[in-house]
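So the structure is just underneath, and the comments pick up after that.
So that the names make sense, note that chain A is the first sequence line, chain B the second, and so on, each numbered from 1.
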Amino acid sequence: MNATSGDDREGPTSNSGTDFIREMLKQHSSSGPYGGRVQTRFPPEPNGFLHIGHAKSICLNFGVADEFGGTTMLRFDDTNPETEDERFVEAIQEDVRWLGFEPEQNVYASDYFDRLHSWALELIKKGLAYVDDQDAETISENRGGFTTPGLESPWRDRSVEENLDLFARMTAGEFDEGSRVLRTKIDMNHENMQMRDPVMYRIRNQHHFRTGDRWKVYPTYDWAHGQSDAIEGTTHSLCTLEFDSHRPLYDWYLEQLGQGPGRPRQTEFARLNLTHTVMSKRRLLQLVEEGHVDGWDDARMPTIRGLRRRGYPAKAIRDFAGHIGIAKVNGTHEIELLESFVRTHHNTNALRRMVVLDPIEVVITNWPVDDDGVSRADVREAINNPEDAAAGTREVPFSDRLFIERDDFMLDPPKKFFRLTLGREVRLRAGYFITCTEVETGPDGEVTRLLCTYDPETAGGQAPDGRKVKATIHWVSADHAVDLDVALYERLFTDPHPGADGEDPLASLNPDAKTMKHAKAEPAIGDIAPGDVVQFERLGYFARDLDDDPSSVPTLFHRTVGLRDEWANIQKRQGS
RNA sequence: UGGCCCGUAGUUCAACUGGUUAGAACGUCGGACUUUGACUCCGGAUGUUGCAGGUUCGAGUCCUGCCGGGCCAGCCA
C-alpha cells in the first residue's frame, strides 16, 4: 500500500470507481502498452502552500495508483527559480504526509535538467528547435490570434550549427535575460496556439534553490513536464482541465524524442472549487499579504495547514475527495458537503466536553450547606463519547454557582423554544433537573443572573417519578471553570461564488469570519492535547490550537464546525 | 472571432457503454427516537436529462443544428 497512517485511516477512499480515469486504468490494466503498470505523480510547484484543491489531486493520484497496484511520485515542478523556494518543498512534503500519503519517491524536475538539455540538443539537430532572438513582446505579437495565423520568426531557419552555438552560449550565460529563447519549430499556423513554436528554454540569471547557479537557461512547463513524466516512468499523467490544449504538445515532444507507445499519457480532470472561499494561489496570497487572515495556516484558509489548524481530519478530507469523484466540468462544490464529512468523522471519534461560550450565571438556591456552613461541590459522572463506550467517563464538578449558555434562557420565549425560562424545568446534562424561579436583570433589562432550584432526586439526569423535560442544556461549575479563548468561524466569503459576477472577489470577504470568545470550560478540558478535536456539547467540534503549550491548561480552541442546528433553522424560518 | 472540452434534482456526481416509473450523497421538508434541537432511523418534495430535429421497436446514452458555460494568443504552472 502506498499510504501511510497518521490517523485512523483504513485505506484510500474512492467513489464507486466508475469515473473516466478509473475506467481507463481498468482497461490499461488488462491490455494496452503499460503491461498493467500504473505510475502517477503529484507535481506541485514549490511556490506556495497546498490547499484543498491540491488535496483532491493528491487523493486522486495516490488513490488510483494504490487501487491499481501502482506507485506515486511526489515531483516538484521547480522550473522557475523566480518564485520557488525550499521552504515550500518542506511544507508540501509535510502536508502530503499529513493527508495520509507516502510518495514512492520525492523527485524534482530539476533532477532532469541535464537530460532535458541533451534532449533539446537532439531536437535542434533534427531541425525541430531554434534559437529566436526576438524579445517576448515581439514573439507574443507574432504568435497571431485565434483567427489569424502567426508570423514565422526571422530566425526560424538558422542552421543547426548556429542554433547549437547560440544555445550553448545561452546556456553558458553569455546573454541577457529575455534576449533569446529556444523555441520548438512546429507550425506558426496551427489552430492550437500551443503548437505555434512554443518556447522551450528561457534565460534566467537567477539562483535556483536546488541547482544553484549552474543553469542560466530554464525549461518551460511544457518542455519539462512530459519529459519528466517519461524519465521517471509515469504512465498516467493526471492534470487539470486547462492543460487540455497542451496535450497535443505533450504528445508531440514525446513522439519526436522517439518515445514508444508505452510513453506517459496525459488525462485531464476538473479542479476543485468550493463555495464561500477562493482557491487560486494568487487570491490566497492576497489574503495573507493584505492581512485579511493571519497567515497561510490561518484556520479560515482552505489550505491544508489551515484546515488542519481548524480541526479538519485528514480522513474526512480523503472521504470528501473520494465522494465528489472527478469530472470534466469545472463546478463548485458546496462547502457543506465537506463539513458533513468532518462532522461524521468527529461524531464517532471526538470526546465530549461541556463549554459555555457566552456564560450567564445560575445560582442554585436550594443547594445544601454543610454543617460547617460551607457549600460543597458535588461530582457528577459524564459520558465521554456516547458513540464509543471505550472512551469511558469523566468527573464533572457541580456546585451552587454555575454558568449556562445565555442563549439557553429566554425571558419571553417564542412558541418553539423549549429551553430554560422562568418557571420551567430543564435538565443539566449529566447533572440535575433545575427550575428557574427568579430572574435578576440589569439597568437595561438585560438578564444578569438566574436563580434556580434543583431536584436532588434527579441526580444524573433522571427523575424517579418519570417526569420528562423538553430540553437538556450544558453547564459549567463557576468556581471550577477553566477560562478559554475560543475562535468562532463563519464563511470566509459571504458570496458562495466570490468574484463570479466579475466583481472583486474580496468584495464579499466576511469581516466576521472570525470572532473571539472568552469561554468557560469544565476542568476535564485539560485532558485535551494540542491539535485534538473535541465536541463542546451541543455547540460543535473544536480543535485545541496546534501551538498551544502542551504542558499547561488549554487556552485556545478553534471551532472546526458547528453541530447541525435545528433550532437555528426554526429561527430562520420564523424570520427572527 | 477560430479551435478544443463540457451541459443529468438546489449542489456535486451515478445510470452496467441504446433497454422497464433517471438514482445517490449533501441540502431541504415531515415524522420516530433521544440525558446533545446532535447522532441514528423512516418518509416526502424538487428533473420537460440545455433546446430542436433525426436514426431506432426503444435515446440521458448515437447523428446534425442551435443555445449556454469553460479553456487557449506568458519567456507562469
Side-chain angles (χ1 to χ4, degrees), chain A residues 15-16 18-19 23 43-45 47 77 79-80 82-83 132 134-137 139-148 150 177-183 190-194 196 198-204 217-218 220-222 224-225 239-248 268 270 272 275 281 320 323-341 343-344 347-348 352 354 382-383 386-387 416-419 427-431 433 458 460-462 468-474 496 535-540 562-570 573:
Chain A
N15 62 359
S16 47
T18 54
D19 61 72
E23 207 60 54
E45 185 187 12
N47 70 346
D77 227 330
T79 55
N80 185 358
E82 261 174 302
T83 53
D132 193 343
Q134 298 180 113
D135 61 24
E137 201 183 337
I139 289 179
S140 174
E141 278 166 13
N142 291 344
R143 179 131 32 221
F146 295 135
T147 53
T148 53
E177 277 193 23
S179 62
R180 271 172 247 260
V181 289
L182 183 72
R183 282 233 253 177
H190 202 107
E191 61 194 14
N192 183 344
M193 302 294 286
Q194 307 304 328
R196 319 249 265 223
V199 171
M200 293 170 70
Y201 279 95
R202 68 288 211 194
I203 300 170
R204 285 281 179 281
V217 290
Y218 289 91
T220 54
Y221 167 87
D222 286 304
H225 206 90
C239 65
T240 46
L241 252 27
E242 65 271 26
F243 290 103
D244 176 283
S245 62
H246 295 241
R247 181 156 27 91
E268 308 84 24
L272 171 69
T275 54
K281 262 180 200 170
F320 170 73
H323 181 86
I324 60 176
I326 52 169
K328 285 185 94 72
V329 224
N330 272 316
T332 305
H333 287 264
E334 290 175 339
I335 195 150
E336 286 81 358
L337 182 61
L338 210 206
E339 289 179 337
S340 83
F341 279 95
R343 282 196 196 97
T344 299
N347 179 51
T348 56
R352 309 292 118 132
M354 290 196 284
I383 293 167
E387 306 289 325
K416 290 196 171 163
F417 181 89
F418 46 81
R419 275 114 93 149
R427 171 167 40 232
L428 294 181
R429 178 115 165 132
F433 284 11
T458 58
Q462 288 296 14
K468 303 280 188 202
V469 287
K470 288 201 81 175
T472 301
I473 65 176
H474 60 280
Q535 184 193 110
F536 290 180
E537 294 241 19
R538 301 207 306 132
L539 297 175
L563 257 29
R564 278 190 71 233
D565 188 353
E566 181 57 24
W567 172 235
N569 281 355
I570 291 169
R573 259 177 273 141

Just checking [X]: base, sugar-phosphate only, or nothing, at a heavy-atom cut-off of under 4.0 Å?
{"X": "Q535(A)", "answer": "base"}
{"X": "F417(A)", "answer": "base"}
{"X": "A430(A)", "answer": "base"}
{"X": "T275(A)", "answer": "nothing"}
{"X": "G144(A)", "answer": "base"}

| message | For the residue pair Q194(A) / N192(A), report whether a side-chain donor-acceptor contact shorter than 3.5 Å exists. | response |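 Looking only at side-chain atoms, Q194(A) and N192(A) do not form any donor-acceptor pair under 3.5 Å.
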| Would N80(A) and E45(A) count as having a side-chain donor-acceptor pair, cut-off 3.5 Å? |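 No donor-acceptor contact under 3.5 Å links the two side chains.
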Okay, side chain of [X], backbone of [Y]: is any donor-acceptor separation there less than 3.5 Å?
{"X": "T458(A)", "Y": "F433(A)", "answer": "yes"}
{"X": "T148(A)", "Y": "G144(A)", "answer": "no"}
{"X": "T275(A)", "Y": "I335(A)", "answer": "yes"}
{"X": "R352(A)", "Y": "R538(A)", "answer": "no"}

| Candidate pair R419(A) and W567(A), rule side chain to side chain contact (heavy atoms under 4.5 Å, CB included), full reasoning | CA-CA 11 Å; R419(A) 275 114 93 149; W567(A) 172 235; 3.3 Å; yes
Which whole number of Å gives the distance between the [atom1] atom of [N] and that of [M]?
{"N": "U11(B)", "M": "U40(B)", "atom1": "P", "result": "25 Å"}
{"N": "A38(B)", "M": "U28(B)", "atom1": "P", "result": "11 Å"}
{"N": "C39(B)", "M": "A59(B)", "atom1": "P", "result": "43 Å"}
{"N": "G2(B)", "M": "G19(B)", "atom1": "C1'", "result": "40 Å"}
{"N": "G74(B)", "M": "C6(B)", "atom1": "C1'", "result": "26 Å"}
{"N": "A9(B)", "M": "G70(B)", "atom1": "C1'", "result": "22 Å"}
{"N": "U56(B)", "M": "U64(B)", "atom1": "C1'", "result": "16 Å"}
{"N": "C51(B)", "M": "A22(B)", "atom1": "P", "result": "16 Å"}

Quick check for you: to the nearest 0.5 Å, what is the distance between [X] atom [atom1] and [Y] atom [atom2]?
{"X": "M354(A)", "Y": "R429(A)", "atom1": "CE", "atom2": "CZ", "result": "8.0 Å"}
{"X": "S245(A)", "Y": "E191(A)", "atom1": "OG", "atom2": "CD", "result": "12.0 Å"}
{"X": "L563(A)", "Y": "Q535(A)", "atom1": "CG", "atom2": "CD", "result": "4.5 Å"}
{"X": "E537(A)", "Y": "T472(A)", "atom1": "CD", "atom2": "OG1", "result": "10.0 Å"}
{"X": "H333(A)", "Y": "H323(A)", "atom1": "NE2", "atom2": "NE2", "result": "9.0 Å"}
{"X": "R143(A)", "Y": "M193(A)", "atom1": "CZ", "atom2": "CE", "result": "6.5 Å"}

| If you find the nucleotide of RNA chain B closest to H333(A) and the one closest to R538(A), which residue's nucleotide is nearer the 5' end? |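 With H333(A) and R538(A) compared, the 5'-side residue is H333(A).
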| message | Checking one value: the base orientation of G60(B), syn if chi is within 90 degrees of 0, otherwise anti. | response |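 The base of G60(B) is oriented anti (glycosidic angle more than 90° from 0).
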Between the protein and nucleotides 75-77 of chain B, list every N/O to N/O distance that falls short of 3.5 Å.
unit_1, atom_1, unit_2, atom_2, d
C75(B), OP1, R143(A), NH2, 3.0
C75(B), OP2, R143(A), NH2, 3.0
C75(B), N4, Q134(A), O, 3.1
C75(B), N4, A136(A), N, 3.0
C75(B), N4, G178(A), O, 3.0
C76(B), OP1, R204(A), NH2, 3.0
C76(B), OP2, R202(A), NE, 3.1
C76(B), OP2, R202(A), NH2, 2.8
C76(B), OP2, R204(A), NH2, 3.0
C76(B), O3', R202(A), NH2, 3.2
C76(B), O2', N80(A), ND2, 3.4
A77(B), OP1, T79(A), OG1, 2.7
A77(B), OP1, R202(A), NH1, 3.4
A77(B), OP1, R202(A), NH2, 2.8
A77(B), OP2, Y221(A), N, 2.9
A77(B), O3', D77(A), OD2, 3.2
A77(B), N6, H246(A), NE2, 3.3

| Stepwise, does the side chain to side chain contact (heavy atoms under 4.5 Å, CB included) test hold for T220(A) with R202(A)? | CA-CA 7 Å; T220(A) 54; R202(A) 68 288 211 194; 3.9 Å; yes
| remark: RNA chain B in dot-bracket form (Watson-Crick or G-U pairs under 3.5 Å, [ ] crossing, | inter-strand) is .((((((..((((.....[...)))).(((((.......))))).....(((((..]....))))))))))).....
Distances under 3.5 Å between nitrogen or oxygen atoms of protein and nucleotides 31-34 of chain B:
none

| query | Is the number of heavy atoms from other residues, nucleotides or ligands within 6.0 Å of NZ (K328(A)) greater than 12? | reply |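 Yes - once you tally the heavy atoms of other residues, nucleotides and ligands closer than 6.0 Å, there are more than 12.
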| query | Would you say I383(A) has more than 12 foreign heavy atoms packed within less than 6.0 Å of its CD1? | reply |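 No, the 6.0 Å shell around CD1 holds no more than 12 heavy atoms from other groups.
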| remark: For nucleotides 24-30 of chain B, 5' to 3', base contacts (B), sugar-phosphate-only contacts (S) and non-contacts (-) with protein non-hydrogen atoms under 4.0 Å give -SBSSSS
Are there any protein N/O atoms within less than 3.5 Å of an N/O atom in nucleotides 41-50 of chain B, and if so, which ones and at what distance?
none

Close N/O contacts between protein and nucleotides 1-7 of chain B (under 3.5 Å):
unit_1, atom_1, unit_2, atom_2, d
C4(B), O2', D244(A), OD1, 3.0

| task | Return yes if the base of G37(B) and the side-chain atoms of R419(A) contain a donor-acceptor N/O pair under 3.5 Å, otherwise no. | result |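 Looking at the base of G37(B), it does pair with a donor or acceptor on the side chain of R419(A) (distance under 3.5 Å).
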